[in-house]
Amino acid sequence: MSYFSDIIQGTKSLLTGMRITGNYFFKNFLTRKDVITQQYPDNKDTLKMFDRFRGEVTLAHNENNEHRCDACTTCEKTCPNGSLEVIWDKYKDPETGRNKRVLVKHIYHLEMCTMCGLCIEVCPTNALEWGQDFHHASYDRGQLTKVLNKPGSKVVAGLKG
Amino acid sequence: MIRLSIFTQIHEWLYSLMPASSAHILELVLIAAAYLGIFAILGLLLVWLERRVAGFFQLRLGPNRVGPIGLFQTIADALKLVSKELTGTVKADHFLYGAAPYFIITTALMAMALIPFSQEIHAFDINIGVFFIASVSSVGVVGIFLAGWASNNKYSLIGGMRTGIQMISYELSIGMVIVTMTTLAGTLQISELIEMQRNGWFIIQGHFPAILAFMIFMIAGTAESNRVPFDLVEAESELGAGFHTEYSGMNFAYFFLAEFVNLFIISSIAVVLFFGGWLAPFGITDGLHIPFIGLFWFGLKVTAIIFIFMWFRWTFPRFRIDQLLTLEWKYLLPINMVNIVVMALMVWLGLIIKF
Amino acid sequence: MTNSELKNKITAWFDGLTVENEEGKFLTVEVPQEIFLDFCRKLKEEGFDYLFSLTGMDFGKELGVTYHVESTASRQMVQFTVKTADREKPELDSVRDIWPAAHYHEMEAFDFFGIVFRGHPDMRRLFMPEGWKGFPLRKDYVDEVNMLIR
Amino acid sequence: MEDFLGENIKTQEYFLNMGPQHPATHGVLRLLLKLDGEIVHNVDMDLGYIHRSIEKMCERDTYKQIVHLTDRLDYLSAHINNEAVCLLVEDALNIEVSDRIKVIRTIMSELTRLSSHALWWGVMGMDIGALTTFMYAFRERELINDIFEETCGARLTMNYNVIGGVRYDLHENFVKRVKALLAQLKQKLPEYDKLLTGNVIFRKRLEGIGYISKEDAIAYGLNGPTARGSGVSCDIRKIHPYSAYDRVDFEESIFTEGDSYARYKVRIKEMWQSVHIIEQLIDKIPEGEFRHKTKALIKLPPGDYLQRVETARGDFGVYVHSDGKKSPYRMKFRSPGFANLAALNKMAKGLKIADIVAILSTIDIVVPDIDR
């Protein structure tokens with residue numbers, strides 16, 4: 001009588017499945033306890049990413065608007081995708097009289113970056129850091145090209161490269 | 001019970017205003033318009049309900065932004081669909097392609113006319129009621145078939161072919177369930193069917209065979225309304241969107257709404273055949289004079305049945321086409337045939353339960 | 001079977017084989033074109049039934065294919081290479097009759113290196129679009145628009 | 001059928017383009033089907049819709065830069081792909097990494113496998129038509145992704161392995177989170193079985209579908225769970241143990257039926273085995289260095305190198321032909337999905353369209369892995 005036992009077994013297996021989904025339905029319907037989704041734009045203010053989250057590459061500035069980049073271009077050379085461009089200028093150090101580099105623009109192409117983190121690792125002065133911002137969506141590609149050094153910023157005095 | 005006087009008032013007012021023939025026509029038009037309204041609202045409401053229920057099944061919340069508890073979400077969606085461009089393929093058979101959605105709505109509307117929302121709100125109470133619904137709703141397949149054929153898209157065509165196979169098979173089950181239940185009732189007229197259940201709903205009156213018939217009806221009904229596990233017609237992961245792949249904007253919305261209205265119709269038939277239509281359970285509200293109480297009970301029962309359909313949809317995987325046929329011809333059909341005989345024997349021997 | 005035992009066995013089959021890398025994880029064999037198919041059949045008979053990978057190679061002057069085959073019983077692996085000096089119309093023998101797995105791998109090698117496999121029924125471009133000019137993984141391939149060169 | 005129809009009605013074979021945009025092809029795979037009605041006569045494939053020529057890019061990049069490219073191959077086993085490249089370079093340069101690194105890599109690999117299989121389970125249900133499984137699978141996957149994000153800094157393309165170790169030390173919450181995950185998995189995995197594995201429709205859809213014999217499986221180069229469903233013992237973690245796999249006790253999940261249902265069961269069992277492996281390691285992560293210093297510019301000695309690892313999809317191999325320069329002369333990624341997909345025609349011939357979807361699901365393809 002496999003015909004009838006098939007029917008009974010089959011129905012039983014279907015009901016087991018229905019019990020699982022039904023369980024979740026009523027629990028959610030009554031308590032909203034198992035809801036796993038986030039109400040995203042609503043929780044924008046409270047949403048905090050993990051410290052190590054790789055959102056974007058940033059050039060760290062201290063409170064005096066100073067960064068640690070001495071424009072050595074190691075990051076530019078290391079980047080596999082060419083997403084970093086360091087534009088620098090020469091100037092003569094008044095104390096030693098030697099030519100030194102100074103950072104003009106640290107350009108970051110977010111649209112090309114794969115967040116591999118090699119630039120941050122190789123940076124000899126630890127100037128680059130991870131930023132946790134992930135709201136990168138934009139209507140214009142041009143907005144993804146960023147200048148990392150803030151306007152008017154200077155290199156930290158006494159930086160050893 | 002009190003009669004809802006508002007309908008009689010409108011009727012008398014119309015007849016006092018103009019000659020009888022034109023008043024009659026106007027009345028028909030009004031009723032048709034009212035049903036179109038019900039069609040749209042019901043469709044949108046059911047879509048909302050489905051999405052909301054699906055949300056709870058899937059550990060989400062479902063639409064909850066537009067309006068209170070997301071009620072206006074589907075209206076917003078419908079507005080979007082109305083404003084969308086109607087695209088189509090160049091090589092489609094344009095007349096049939098355009099006609100297909102209307103086939104589906106028309107049949108859905110025709111079947112709607114038979115639905116007894118309550119004792120008073122019942123547009124078309126003919127003596128072959130249930131039979132009429134069954135036959136009209138099977139015309140709907142023509143619409144799907146046309147859509148699949150006329151789109152000139154292979155995915156649509158496969159979807160359309162599958163519908164043909166599926167509908168022909170499962171109409172049979174629905175029809176035989178109706179036969180089983182009318183054997184018990186002895187009538188086809190919907191109002192009489194419901195009146196007869198004052199002594200206990202048919203699912204109780206007919207006990208064992210009626211329960212079996214109900215289970216078969218639920219399976220066949222799912223297949224009739226093209227829902228998971230019988231949604232081979234659309235079969236998202238196989239055919240993209242199946243028969244309505246090439247439809248966009250409002251044409252697509254017609255299919256979508258009709259699908260949900262069909263779900264409502266199937267659930268209504270189940271309620272009429274097994275759960276006493278608009279009758280209160282055990283007559284608990286019979287003595288009370290509450291307006292629209294029949295509508296309330298009917299709505300509650302239909303919602304419960306619809307919920308079970310949704311429960312199926314969000315739990316089960318999909319059948320394959322040959323398994324679908326095996327289920328019908330090897331399992332449902334023989335059981336159904338035996339069931340009719342058992343029911344007939346029971347009615348003959350008077351083994352039915354009546355309060 | 002150790003690598004050196006296998007080496008002795010293989011060198012006994014044919015002349016002209018260069019067998020190296022006894023100490024490594026796997027033997028590397030260089031097979032001349034003429035005896036290539038016979039060598040593959042012998043290997044298959046020896047129990048090397050699992051074609052792990054088929055790598056198209058551009059050695060500069062020559063084009064070639066490197067095969068890695070493994071025995072599912074002993075889990076020993078052999079790497080063997082076959083080369084052709086003809087860069088214009090490179091042709092090598094197909095091994096898809098010996099290891100059916102080679103079917104799509106050979107199509108890939110054709111797509112990227114332009115090596116035509118004799119005896120393969122469906123030598124079409126698998127990855128690149130129909131009518132793509134040149135074979136991208138060759139060392140002399142130039143595409144000034146899409147390639148970033150350092 | 002033809003005899004029955006006689007001369008008046010003739011059936012005609014027709015051609016159907018499945019993909020590149022199709023819900024069941026998991027990305028941009030294009031299948032060319034030859035059908036008779038619903039019955040499949042021939043399956044061919046056209047690839048390259050997401051081809052990025054990573055192998056060519058590797059010939060340009062240094063070994064350190066290559067590591068992050070492998071994230072983008074099989075993005076669901078990103079960590080294991082990284083590990084393959086790192087192991088290859090470490091092996092070639094004779095860098096012996098500390099026990100701590102080995103254990104961290106093993107735990108991370110198994111978490112990756114769990115997350116990949118969880119996604120597979122959800123998508124498998126979706127392909128067969130049970131839409132709810134997807135969200136249930138994502139509930140567990142989300143926990144794993146959180147663990148990854150906290151320790152590695154990203155959820156999918158983690159890029160956590162570097163040559164000579166791992167990028168960061170484990171986060172202080174790591175052990176706590178993993179234990180919570182294991183507890184939840186033990187509770188929820190039986191639910192997976194109840195919802196899908198035992199379901200009669202599901203079983204009927206998979207049993208006997210896409211059969212491939214053990215001999216054919218080997219001949220077609222099948223690997224990973226797909227081959228283990230046919231009874232081929234091919235788990236690289238067992239036959240060529242790497243990292244800390246030689247010190248953990250686990251069972252290779254093998255089923256011999258060779259059909260889709262066997263492949264399904266293999267993956268479900270693998271999830272249990274992964275849980276088992278992590279359980280053994282999580283309490284005794286040895287102290288030590290998490291990253292060894294390496295030279296700034298790594299050059300491999302000339303020669304041929306091959307490293308195989310077991311990703312969630314199977315036998316992933318990295319082959320490097322080095323000429324002693326800073327970047328490989330030729331780098332080949334032997335992708336498990338490519339070999340598995342090659343047997344699709346063999347499996348699907350004579351079955352129905354719906355079965356192709358089921359088979360594609362059970363061989364668990366990831367298109368970027370196939371296209372590279």
Side-chain angles (χ1 to χ4, degrees), chain B residues 50-51 53-62 148 152-166 219 222-223 226-242 245 310-328 330-331, chain D residues 14-19 21-26 31 33-40 122-140 142 188 194-209 260 264 351-358 360-361:
Chain B
E50 169 103 286
R51 290 176 61 181
V53 166
F56 289 129
F57 272 124
Q58 301 188 339
L59 318 170
R60 320 181 264 121
L61 289 175
N152 205 350
N153 174 324
K154 284 169 197 162
Y155 284 110
S156 302
L157 183 63
I158 297 172
M161 299 306 260
R162 284 179 174 185
T163 332
I165 300 167
Q166 184 178 335
I219 296 170
T222 325
N226 291 332
R227 294 170 64 81
V228 175
F230 301 95
D231 67 335
L232 292 104
V233 181
E234 286 149 52
E236 196 195 327
S237 59
E238 292 154 32
L239 303 181
T245 309
M310 287 177 178
W311 198 344
F312 287 164
R313 173 160 184 180
W314 300 111
T315 308
F316 296 144
R318 183 185 305 121
F319 280 99
R320 201 173 54 215
I321 188 78
D322 55 324
Q323 290 165 348
L324 176 112
L325 296 177
T326 314
L327 177 72
E328 164 65 21
K330 270 191 163 164
Y331 292 90
Chain D
Y14 67 104
F15 166 83
L16 187 70
N17 225 339
M18 198 165 173
Q21 279 95 16
H22 189 280
T25 52
H26 298 236
L31 295 177
L33 309 182
K34 267 205 192 104
L35 300 167
D36 179 9
E38 287 245 354
I39 295 163
V40 179
V123 173
M124 169 102 218
M126 284 239 286
D127 281 346
I128 305 290
L131 297 166
T132 308
T133 55
F134 187 70
M135 290 302 283
Y136 290 179
F138 258 62
R139 176 184 50 197
E140 273 77 65
E142 201 59 24
K188 300 295 184 193
K194 280 182 195 160
L195 190 57
L196 219 51
T197 316
N199 190 306
V200 62
I201 305 174
F202 186 74
R203 286 187 66 157
K204 286 259 150 63
R205 278 296 300 276
L206 294 188
E207 273 171 353
I209 296 303
S260 293
Y264 173 86
L351 301 176
K352 306 217 162 40
I353 302 175
D355 295 329
I356 290 197
V357 177
L360 270 181
S361 273

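Side chains included, hydrogens not; waters and symmetry mates left out as well; all remaining heavy atoms used. Within every chain, numbering begins at 1; the chains are lettered A, B, ... in the order of the sequence lines, protein sequences first and strands thereafter.
- Options D/D127, D/I353, D/L16, D/I356 differ in how many heavy-atom pairs under 4.5 Å they form with chain B, and the most are formed by D/L16.
- Two residues are said to be in side-chain contact when any heavy atoms from C-beta on lie closer than 4.5 Å; D/E38 and B/D322 fail this criterion.
- For a residue to count as touching a neighbouring chain, one of its non-hydrogen atoms must lie under 4.5 Å from one of that chain's; by this rule D/L33 does not touch chain B.
- Annotation: side chain of B/R320 is in contact with side chain of D/I209 (closest heavy-atom distance under 4.5 Å).
- Looking at D/M18, both its backbone and its side chain come within 4.5 Å of chain B, counting heavy atoms on both sides.
- Taken from CG in D/N199 to CZ in B/F316, the straight-line distance is 6.5 Å, to the nearest 0.5 Å.
- A 6.0 Å sphere centred on CE of B/M161 holds no more than 12 heavy atoms belonging to other residues, nucleotides or ligands.
- Under the rule for a side chain to side chain donor-acceptor pair (under 3.5 Å), D/T132 has no partner lying at least two apart in sequence or in another chain.
- Residue D/K352 touches chain B through its side chain alone, counting heavy-atom pairs closer than 4.5 Å.
- In this structure, CZ in D/R139 is found 12.0 Å from CD in B/Q58, a value given to the nearest 0.5 Å.
- Remark: D/Y264 pairs with D/W121, D/T197 by the side chain to side chain donor-acceptor pair (under 3.5 Å) rule, at least two apart or across chains.
- Counted within 6.0 Å of NZ on B/K154, heavy atoms from surrounding residues, nucleotides or ligands total more than 12; the atom is thus considered enclosed.
- In this structure, D/Y136 and B/F57 approach most closely via the heavy-atom pair OH-O, 2.8 Å.
- For D/H22 against B/Y155, the heavy-atom pair with the smallest separation is CD2-OH, 3.5 Å.
- Annotation: B/K330, atom NZ; neighbour count of heavy atoms from other residues, nucleotides and ligands within 6.0 Å does not exceed 12.
- With a 4.5 Å cut-off on side-chain heavy atoms, D/Y14 and B/I158 count as touching.
- Across D/R205 and B/Q323, no two heavy atoms sit closer than the pair CD-OE1, 3.4 Å.
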